[in-house]
Amino acid sequence: MIQDRRVSDDNEPAATVSDDAAGAGQGRPILIGLAIISIGLLLSVGGQTQTRPEGSGWWNEPALAPTAALLLTFGSAVLGTIFPRRREWLQPAAIRASTRLWLRAFVLATAFLLALWSIAYVGYGIATFLLAATVSFVAGYRGTRLWIMSVVVTLVMVLCFRVILGVWFPEAEIFKLVPLLQPLARYL
Amino acid sequence: MIWDSLAQASAQVLQPAVLVTLVAGCITGIMIGAIPGLGPAVAIALLLPYTFGMEPLSAITLLMGIYAGGWYGGAIPAILINTPGTAVNVLTTYDGYPMTKRGEAQRALSLAYVSSFVGGTLSVLALMLAAPILAQFSKRFGAADLAMAALLAMVLVVTTGRGAKLAATAMLGVGLFIGTIGIEGAFGSPRFIFGQTWLMGGVSLISVILGLFALSQAFVLISETDGVNEINPKLKRNLFSGFVEVFKYPKTLFNSAGFGVVMGVLPGVGEFLAQFFSYSLARKLSKTPELFGKGAPEGIIASETANNAVPAAALVPLLALGIPGEALTAMMLVVFTVHNVDPGPNLFIEHAGFVEGLYFSLFLMNFVIIAILLVATRWIALVARIDTRLLGVCIFCLVMVGTYTTNYRITDPIVAVCFGLFGYALQRAKIPAIPIILGLILGPIVEKRTRQALGSAGGDLTVFIDRPISALFLLIIVVLIVSSIVGYLRSRKPSAMWRN
């Protein structure tokens, strides 16, 4: 991306995000997905909203705003799919490149959620270390740099949020199970 | 009278807490701006949850410092390494980098700083003059007018934005729909909560903002970059040369500031159009248009003055009407809401001290930023060398705290992750995410005001045409939509293809 943002020496704009092989043609699947989801939601409007009490005006109908929003989404997504800015679909090479990037993104998202879930068991500090180490690994760091980076990021986060700002986290199970670690519970 | 106001405002801003946030915001903004790949939106999204515990003036000062500082700092890599620090510094590269190649880096930086300073201070003056007038005028606004004003802001964001307008409209629809989730105001009935009690209060705005702006950027920084920017600034100490030179081009300077202010006030327009128009006009009016793109000082002046004239001016519709015109001021509206400060005409009466303090802090901000830049540019330039993957790791850790500790619910980070992935997909497809935030924030305003207007008119839809202000806004909305459609159809004609 950094390279993509660079402007070439003769001041011709260099490749932009969607100009790269992996990025091209990704708008249409998003719009198709949105159209399908909005149709599904439109069909469930009756079940997911209540009708207004008798005697109140039509403009007070609770379903009015979500229906309008969903119709706008559906209409523009369909039109955007039919009349795209650029008529192109993902090419096989681009799909492969895109799949790699999306796999990475999903690994990162999973690591993020697992780290959050683990806060209740191992505490904020250890969860942050696990997250930092996993994200650093996915980012391409290996060996000593990986560990140094994870430890430094964890220390900075713990120092900022737990020590200086005193942000509260529920006490983790590990501190109840291992009494030796109890003095650290306030910080980790 | 004016001296009393000034004394009161300065007394508020010169409190240690406000001063510290002002300086911290400016430094953070400059640093964030100087790192290619980040931008003020990421920093503001990350810091938003932590500003809720601050006084409103400190919180807004911190966020505005980041907003303004980001645009100043973005000029550094644009000039030194031909890579705009933020998206709005693209045109600065056109003339800044050729000057660096000629060995005039400090001259280019100096021009950028002073132009930014002039744009920034004039923008604050415009805010001070325009906001109270608009607020006074907005006392005449009824519910129908406010509904149409908010609708106009949304239409402007979509029609004047860059890229695919239909996709942007779909994103606006997504934001509007998300804004309707939860317990609605009129009868307290749930909408689209699917039996989930955590959705009764609506989708967490902080989670959406952090997901769309911070997490999505973290995915990009970690997955798609090799992390390192080559930068080797050879800067001498003298960064003062542009102080005089800028004023040799008064037309360019003040035209660009004017464009920046006007575009800043208009919802949804912002920096991109401001810099584009001012750059084009500067080239047209220049005695040496052939030098543009090859290191013309006027090019840097036009781009940087226009960019930096936007932030303070963008606060005009927010303060006067309570209607944010773009994502960054939308995030600031969240701070106002959390502190029970209602922007709009009453703000200038009920919180006059806050408004005066805000003006003073915005004014002071420009002096603080330029002082920091003049002293520390050489070191700030080195920030651009930071491995952006490290920033990605930090963003993940910050989002984890920011989303979880707002409500201590696991669902909020899950929402943030979902929007992070969605934001990543949008970034890759070059679809703007800003309409989602504006739809989410402006949607409830439109719904509430429309209900009020129709309620008072007994459901008669002509209420939106009967009132002159509302009718004017409606007319502008129709013109904007029709001209967008006509423009699109024209661009698809074969003759247009040949021209291209």
Side-chain angles (χ1 to χ4, degrees), chain A residues 1-2 5-7 9 11 16-18 22-23 26-27 30-31 34 38 41 48-50 52-53 57-60 62 65-66 68-70 72-73 76-77 79-80 83-85 101 104-105 108-109 112-113 115-117 119 128 131-132 135-136 138-141 149 153 157 161 167-168 170, chain B residues 36-37 82-84 90 93-94 97 164 166-167 169-170 172-174 176-177 180 184 186-187 189 191-192 194 219-225 229 293 388-390 392-394 396-397 400-401 404-405 410 413-414 417 420-421 424-431 443 447 450-451 454-455 458-459:
Chain A
M1 181 73 75
I2 298 298
R5 291 163 59 86
R6 201 174 287 257
V7 180
D9 273 5
N11 282 334
T16 53
V17 182
S18 68
Q26 293 202 354
I30 292 173
L31 292 180
L34 277 181
S38 48
L41 289 170
Q48 291 302 324
T49 55
Q50 292 173 6
R52 67 179 191 276
W58 62 267
W59 58 92
N60 283 323
L70 288 169
L72 181 72
T73 311
S76 43
L79 286 173
F83 305 111
R85 240 183 336 160
L101 290 174
R104 257 191 233 178
L108 290 169
F112 179 83
L113 292 176
L116 260 167
W117 171 79
I119 287 176
T128 303
L131 177 65
V135 176
S136 304
V138 175
Y141 290 105
M149 195 147 149
V153 169
M157 295 292 160
F161 293 110
V167 174
W168 181 85
Chain B
N82 207 22
T83 306
V90 171
T93 61
Y94 281 36
Y97 187 60
L166 282 169
T169 312
L172 181 68
V174 170
L176 287 170
F177 172 72
T180 65
E184 53 91 32
F187 308 112
S189 68
R191 293 192 294 203
F192 285 95
F194 297 97
F219 287 133
V220 172
L221 292 172
I222 287 169
S223 303
E224 299 184 23
T225 65
N229 288 299
T388 48
R389 292 174 299 171
L390 170 63
V393 177
C394 292
F396 266 98
C397 296
M400 185 167 82
V401 187
Y404 181 63
T405 58
I410 198 83
I414 293 173
V417 166
L421 290 169
Y424 181 51
L426 295 180
Q427 277 207 42
R428 294 187 51 70
K430 276 216 149 180
I431 295 174
E447 187 184 6
T450 305
R451 277 179 171 175
L454 288 170

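Chain naming here is simple, since letters A, B, ... match the order of the sequence lines and numbering starts at 1 in each. Bear in mind the structure is a predicted one, so any value in this text is a computation, not a measurement.
- Rounding to the nearest 0.5 angstrom, the gap separating the CZ atom in R104(A) from the OG atom in S223(B) is 5.5 Å.
- If you measure heavy-atom distances from I410(B) to chain A, the contacts under 4.5 Å come from the side chain alone.
- Looking only at side-chain heavy atoms (C-beta outward), E184(B) and T49(A) stay at 4.5 Å or farther from each other.
- Put simply, of P53(A), P62(A), S136(A), G57(A), the one with the most heavy-atom pairs under 4.5 Å next to chain B is P62(A).
- For a residue to count as touching a neighbouring chain, one of its non-hydrogen atoms must lie under 4.5 Å from one of that chain's; by this rule S189(B) touches chain A with backbone and side chain alike.
- Of the inter-residue distances, the one linking F177(B) atom CZ with L41(A) atom CG reads 4.5 Å to the nearest 0.5 angstrom.
- Taking both residues in full, the closest heavy atoms of Y424(B) and A105(A) are given as CE2-CB, 3.8 Å, listed atom of the first, atom of the second, then distance.
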Under the side chain to side chain contact (heavy atoms under 4.5 Å, CB included) criterion, do M157(A) and V401(B) qualify, and how do the steps go? CA-CA 9 Å; M157(A) 295 292 160; V401(B) 187; 5.6 Å; no

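- The greatest number of non-hydrogen atom pairs below 4.5 Å with chain B, out of A115(A), S38(A), A65(A), is found for A65(A).
- Comparing A69(A), S76(A), A68(A) by heavy-atom pairs within less than 4.5 Å of chain B, the highest count is held by S76(A).
- For the set V174(B), T405(B), T450(B), L421(B), the count of heavy-atom pairs under 4.5 angstrom toward chain A peaks at L421(B).
- The two residues F194(B) and Q48(A) make their nearest non-hydrogen contact at N-OE1, 3.1 Å.
- Comparing C397(B), A186(B), G443(B) by heavy-atom pairs within less than 4.5 Å of chain A, the highest count is held by C397(B).
- Of the atoms belonging to L131(A), it is side-chain heavy atoms, and not backbone ones, that fall under 4.5 Å from chain B.
- For the atom pair CG of L176(B) and OG1 of T73(A), the computed distance is 7.5 Å after rounding to the nearest 0.5 Å.
- Here the side chains of F396(B) and V153(A) are not in contact, with every heavy-atom distance at 4.5 Å or above.
- For I119(A), the part sitting under 4.5 Å from any heavy atom of chain B is the side chain, from C-beta outward, and nothing else.
- In this structure, the salt bridge (charged side-chain N to carboxylate O under 4.0 Å, His left out) partners of R52(A), at least two apart in sequence or on a different chain, are E61(A).
- Residue W58(A) touches chain B through its side chain alone, counting heavy-atom pairs closer than 4.5 Å.
- Between P66(A) and R191(B), the closest heavy-atom pair is CD-NH1, 3.7 Å.
- In this structure, chain A has a heavy atom under 4.5 Å from the side chain of F187(B), while its backbone stays farther away.
- Only the side chain of V417(B) comes within contact range of chain A, with heavy atoms under 4.5 Å apart.
- Interface remark: of the candidates N60(A), T128(A), I30(A), L31(A), N60(A) forms the most heavy-atom pairs closer than 4.5 Å to chain B.
- Between I222(B) atom CD1 and L108(A) atom CG the span is 5.0 Å, to the nearest 0.5 Å.
- Put simply, of I414(B), L172(B), T169(B), L426(B), the one with the most heavy-atom pairs under 4.5 Å next to chain A is T169(B).
- With a threshold of 4.5 angstrom between heavy atoms, L79(A) approaches chain B through its backbone and through its side chain.
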